[in-house]
Amino acid sequence: MEEEFEELTSQNSFNIKAFALRALSYWYLFVITLGIAFVVTYFYNKRLQRIYNVESLISIKEEQNPFFSANTSLVFNWGGTSDKIETIRIILESRSHNEEIVRLLQSYVHYLRKGEYRYEDIYKSAPFRVEIDELHNQMIDQVMKIKFLNDDSYELSFDFEEKNAYNVINYTSNTTTTESVVSKEFKQVYNIKDTVNLPYLKFQVTKLPDIAWNTEQDYYLRFSSIRSEVNQYRNINVFLKRKGASLLVMSLTGPNRAILADYLNATAEVLKQKQLEQKNQFAVNIIAFIDEMMIGVKDSLELEEGRIKEFKQRNEVLNPSAEGDALFRKLTNFDDQVSTLNLKLQYCELLKDYLINAKTYSDLPAPASSGITNQNIVQNVTKIINLSVTRAQRAKTTKNAIFLKEIDRSVEATRKVLLESIITEKTSIELNLQDIRSRIARTKAEFRKLPAEEQELFNIQRNYEISQASYTMLLTKRNEAGIAKVSNVSDIKVIDKARDLGQAAIAPNTQKNFTVALFLGALLPLLFVFLTTILDNNIHTPDDLKENSNIPILGIIGRSKTINNLAVFNSPKSSVAESFRGIRSSLQYIYKDLDKNKSKTVMVTSSVSGEGKTFCSINIASVFSLMGKKTVLVGLDLRKPKIFDDFEITNDIGAVNYLIGQKTLEEVVQSTKYENLDIITSGPIPPNPSELLISQQMEKFMAELHENYDYVILDTPPLGLVSDAVDLIKYVDATMYLVRQEYTKKAMLNVINEKYRKKEITNISFVLNDFRQKAKYGYSYGYGYGYGNYGNGYHEDEQKSLLTRFKNLFKKS
């Protein structure tokens with residue numbers, strides 16, 4: 001029937017206490033949802049792959065070469081600490097670096113054992129190793145079973161199942177292709193020394209001497225692509241151990257601690273080697289530069305040595321004069337200076353040509369190799385090499401040119417500054433050469449005054465010593481570079497190696513998952529209770545009535561457990577009977593301003609059918625009759641008559657017959673077996689019930705009832721459905737408006753509230769019917785309700801359920 005009423009949103013404040021009590025009443029829902037949540041979380045945690053974290057600690061400290069001073073040092077510098085960290089991070093994220101480690105460890109070969117939920121990687125725990133032919137195609141992403149039959153043989157088997165094709169890889173070229181499946185299943189026995197040679201597999205199984213294999217245990221093998229392995233290990237995390245320190249932590253996560261430890265240790269070793277190679281880059285470049293120059297000097301030295309031998313064979317050995325020897329030493333000194341300046345000039349020409357034509361500058365020789373000490377040149381050569389190396393490293397990890405433009409701009413700016421410095425240095429060197437050559441010319445003029453044979457001998461010796469000095473100088477520089485290369489040590493040192501120490505898993509976070517399960521397990525029933533509370537529009541407690549209407553509450557009637565509606569007569573000492581007596585007492589306050597000798601009329605109505613009007617009408621009439629007052633119960637619900645069955649009378653004749661003039665009052669009144677109580681049923685259902693209730697005959701009917709009875713109880717139709725009850729208001733002294741717990745909707749009170757507000761109805765009171773004390777509504781009220789055992793002895797013991805009796809048995813014991 002609620003469709004006939006407009007559902008209005010309650011404007012009352014949310015009752016926290018009532019909500020909490022209602023939530024407690026649904027404790028079983030919390031038990032069920034929490035139980036399900038914890039069980040699901042338990043199996044969820046159990047099925048998840050365990051993830052571990054392994055760390056390695058390294059230090060980065062600038063290790064200067066002890067064999068060289070600051071102006072001749074050939075050390076390659078990575079930059080400051082922050083630059084080194086960024087450089088390491090870029091290297092570790094690069095595909096080339098990770099591919100190098102994957103190939104080094106052959107981590108694309110997986111040794112497996114079947115676990116409860118998945119294949120577990122046993123890595124070093126496997127009692128065998130496979131040596132694969134990397135030039136041959138190998139099948140990937142297919143699990144192969146290896147079962148050892150004895151110490152010398154094993155069975156290899158696998159099943160393609162529903163696959164129509166398989167992938168193969170050539171690990172040397174790192175190319176992957178797809179082949180069609182010819183046979184779905186493969187099984188074959190091999191000896192340990194045999195090579196598995198198939199179109200898609202080629203490897204040999206090697207037994208490990210320190211691990212015994214179990215013939216009862218099945219082992220599994222799977223090959224994967226290099227790309228998938230590289231992608232797995234590129235998530236390495238690098239961070240500072242302590243702010244301001246040069247200690248770096250390398251952290252890697254995965255399902256197998258031993259694999260992670262080996263990968264981190266291999267990474268550290270490769271980093272050390274790469275950094276040392278870059279640190280020796282200057283020395284390598286210098287050695288190559290000097291070797292190229294020494295070829296020509298060595299040829300000149302051999303040529304001059306031959307000329308000396310030839311001269312001595314043709315002429316007698318002369319004793320040079322003191323004057324000639326002095327001039328010779330002077331020219332030799334000038335020649336050494338010219339040689340040094342020429343070497344510097346050659347380096348400037350080489351560097352200038354390199355800067356103009358080359359695209360990368362990472363292999364520039366150091367200025368110290370030619371004796372150039374110009375700080376602008378030294379610093380800018382170092383800078384441009386560092387920038388070139390950084391760009392090459394970043395180019396491996398990014399394809400976006402935007403990230404390289406800044407480095408390119410710095411390289412170009414440094415190149416321009418370096419070219420200007422070279423021009424300035426070259427000009428200075430040429431001026432020095434010009435000065436020395438003029439001195440040589442003056443010295444040669446004096447030298448030509450010597451005898452011819454002595455001049456020839458000094459010229460040959462002079463050329464020889466020039467070549468020898470140049471060769472000696474180059475050889476010294478080369479030895480310095482060689483010593484620097486050998487004596488250099490890497491700036492990277494491993495402080496703590498990564499190790500499998502049985503670290504606890506970092507995932508799944510079981511505590512977090514159970515916390516989430518607790519939250520969700522409690523939230524779902526709370527949400528259910530909240531929604532039922534918000535959406536619940538039923539009347540549950542007297543407080544609901546007070547919040548939704550200003551009409552006073554006359555009384556509360558509990559649920560009757562009698563077999564019919566005669567609760568007062570059948571159980572006169574029950575709590576229900578006492579409730580009706582309480583209502584009778586409350587009605588006396590309404591009647592206190594009326595004539596005591598005048599007949600009183602009570603109308604019983606409600607919003608809709610099913611709220612207990614007939615039950616309440618019968619029992620309120622019963623309690624008045626028990627007072628010794630002459631009482632009549634009149635059935636005026638002409639559309640739906642009900643009151644006759646409980647009194648074992650018929651509805652053949654009733655109020656309708658009187659109202660249409662067929663019968664007199666005496667003829668429609670039916671006596672009951674209960675003293676002082678008469679019944680007037682409604683009679684046959686008329687076609688015009690509303691018209692009958694507003695007729696002149698109705699006034700006469702009510703007048704006769706007042707003359708013959710002390711109390712007249714009118715059982716009327718629902719006020720919310722038809723207007724009949726409203727038409728009877730003028731005949732009554734008090735109106736009982738029935739509201740049934742958990743049945744009557746709050747919006748159903750809108751009609752009666754509006755009439756009460758407009759004062760169309762007065763002397764009306766609510767009666768809350770079918771009330772049961774429930775903790776979830778947070779209310780306890782009424783005669784005998786909410787007092788528990790304190791009410792024992794005052795009311796008749798009502799029929800109790802088997803469960804209630806069982807509980808009481810334990811309470812008494």
Taken to the nearest 0.5 Å, the spacing of Asp715 CG from Ser617 OG works out to 3.5 Å
Is it the case that atom NZ in Lys163 sees more than 12 heavy atoms from other parts of the structure closer than 6.0 Å?
yes
Does the gap between the ring centers of Phe30 and Phe528 come in under 6.0 Å?
no
If you count every heavy atom of other residues, nucleotides or ligands that lies below 6.0 Å from Gln588 atom CD, does the total exceed 12?
yes
Any sub-3.5 Å donor-acceptor pair from Lys600's side-chain atoms to Lys598's backbone N or O?
yes
Using side-chain heavy atoms (C-beta onward) and a distance below 4.5 Å, is Leu692 in contact with Ile660?
yes
If you measure from CG on Asn769 to CZ on Phe615, what distance do you get to the nearest 0.5 Å?
6.0 Å
Check Pro572 against Ala577 and note the closest heavy-atom contact, atom names and distance.
O-CB, 3.4 Å
Check whether Thr614 reaches the backbone of Ile643 with its side chain - one donor and one acceptor, N or O, closer than 3.5 Å.
no
Check: residues 702-709 side-chain donor-acceptor pairs under 3.5 Å, at least two apart:
| from | atom 1 | to | atom 2 | distance (Å) |
| --- | --- | --- | --- | --- |
| Glu704 | OE2 | Tyr658 | OH | 2.3 |
| His706 | NE2 | Thr601 | OG1 | 2.6 |
| Asn708 | ND2 | Glu704 | O | 2.5 |
| Tyr709 | OH | Asp678 | OD2 | 2.7 |

Under the criterion side-chain hydrogen bond (donor to acceptor under 3.5 Å, both in side chains), I'd like the reasoning laid out for Asn564 against Asp646: C-alpha separation, chi angles, the key distance, then a yes or no.
CA-CA 6 Å; Asn564 55 30; Asp646 294 295; 4.8 Å; no
Please report the shortest heavy-atom distance between Gly521 and Ala37, naming the atom on each side.
CA-CB, 4.2 Å
Show, in sequence, the C-alpha distance, side-chain angles and deciding distance for Met698 and Leu728, and conclude whether the side-chain contact (heavy atoms from CB on, under 4.5 Å) test is met.
CA-CA 9 Å; Met698 183 64 193; Leu728 299 173; 3.5 Å; yes
Considering residues, nucleotides and ligands other than Asn688, do more than 12 of their heavy atoms fall under 6.0 Å from its CG?
yes
What is the minimum heavy-atom distance between Ser599 and Asp733, and which atoms define it?
O-OD2, 3.8 Å
To the nearest 0.5 Å, what is the distance between NZ (Lys758) and CD1 (Ile761)?
11.5 Å
Might you work through the side-chain contact (heavy atoms from CB on, under 4.5 Å) test for Ile539 and Gln741, ending with a clear yes or no?
CA-CA 6 Å; Ile539 298 295; Gln741 185 185 40; over 6 Å; no
Sorted by chain and number, sequence neighbours left out, ring pair (Phe, Tyr, Trp, His ring centres under 6.0 Å) with Tyr756 holds for none
Checking Asn651 against Thr681: is there a side-chain donor and acceptor pair closer than 3.5 Å?
yes
Thinking salt bridges, do Asp536 and Lys745 make one under a 4.0 Å N-O criterion?
no
Quick one: does Phe771's side chain get under 4.5 Å of Pro542's, heavy atoms only?
yes
Counting only N and O atoms by type, is there a donor-acceptor contact under 3.5 Å from the side chain of Thr541 to the main-chain atoms of Asp544?
yes
If we ignore hydrogens and angles and just use 3.5 Å, is the side chain of Asn750 paired with the main-chain N or O of Ala747 as donor and acceptor?
yes
Side chain of Thr631, backbone of Lys629: donor and acceptor closer than 3.5 Å?
yes
Short question: side chain of Ser25, backbone of Arg22 - any donor-acceptor pair under 3.5 Å?
yes
Starting at CG of Asn676, measure out to OG of Ser625 and round the result to the nearest 0.5 Å.
6.5 Å
Under 3.5 Å, is there a donor-acceptor pair between the side chain of Glu93 and the main chain of Asn235?
no
Will you find, in the side chains of Asn753 and Ser549, an N or O donor that is under 3.5 Å from an N or O acceptor?
yes
When you measure from the side chain of Asp710 to the backbone of Lys630, do you find a donor-acceptor pair of N or O atoms at a distance under 3.5 Å?
yes
For Tyr589, I'd like to know if atom OH has over 12 heavy atoms of other residues, nucleotides or ligands within 6.0 Å.
no
Interatomic distance, CD1@Ile649 vs CD@Gln670, rounded to 0.5 Å, equals 4.0 Å
Can you tell whether the side chains of Lys755 and Glu760 come within less than 4.0 Å, N to carboxylate O?
yes
Identify every side-chain donor-acceptor pair in residues 510-520 under 3.5 Å, counting partners at least two apart or on other chains, and give the distances.
| from | atom 1 | to | atom 2 | distance (Å) |
| --- | --- | --- | --- | --- |
| Asn513 | ND2 | Asn45 | OD1 | 2.6 |
| Asn513 | ND2 | Asn509 | O | 3.4 |
| Thr515 | OG1 | Gln511 | O | 2.7 |

Under the side-chain contact (heavy atoms from CB on, under 4.5 Å) criterion, do Ser251 and Asn53 qualify, and how do the steps go?
CA-CA 7 Å; Ser251 174; Asn53 180 67; 2.6 Å; yes
In terms of heavy-atom contacts, Gln662 and Glu667 come closest through O-OE1, 4.3 Å
Should Arg559 and Asp770 count as an ion pair when the cut-off is N to O under 4.0 Å?
yes
Pro684 and Val656 have their tightest heavy-atom pair at O-CG2, 3.3 Å
Under a plain distance cut-off of 3.5 Å, with no hydrogens placed, do Ser622 and Arg584 share a side-chain donor-acceptor pair?
no
Heavy-atom neighbours of Phe43 CZ exceed 12 at 6.0 Å:
no
Just so I know, are the side chains of Ile590 and Leu554 near enough to count as touching, which here means a heavy-atom distance under 4.5 Å?
yes
Would you check if Val54 and Leu252 make a side-chain contact, meaning some heavy-atom pair closer than 4.5 Å?
no
For the CZ atom of Arg740 and the CD1 atom of Ile557, what is their distance to the nearest 0.5 Å?
12.0 Å
Please answer whether the main-chain N or O of Pro718 pairs with a side-chain N or O of Ser609 as donor and acceptor at a distance below 3.5 Å.
no
What heavy-atom pair brings Asn538 and Glu742 nearest, and what distance separates the two atoms?
ND2-O, 3.5 Å
Between Phe569 and Asn619, is any pair of side-chain heavy atoms under 4.5 Å apart?
no
With a 4.5 Å heavy-atom cut-off, do Phe701 and Ile680 have their side chains touching?
yes
Asn657 side-chain N/O to Gly654 backbone N/O, donor-acceptor pair under 3.5 Å
yes
Side chains of Glu611 and Val608: closer than 4.5 Å at any heavy-atom pair?
yes
Please check if the number of heavy atoms outside Glu754 that lie under 6.0 Å from its CD is greater than 12.
yes
How far apart are the C-alpha atoms of Leu587 and Phe624, what are their side-chain angles, what is the distance that settles it, and do they pass the side-chain contact (heavy atoms from CB on, under 4.5 Å) test?
CA-CA 11 Å; Leu587 284 172; Phe624 279 120; 3.8 Å; yes
If you count the non-hydrogen atoms of other residues, nucleotides and ligands that lie under 6.0 Å from CG in Leu531, is the total more than 12?
yes
Measure the shortest side-chain to side-chain distance between Val634 and Val712 over non-hydrogen atoms and say whether it is less than 4.5 angstrom.
yes
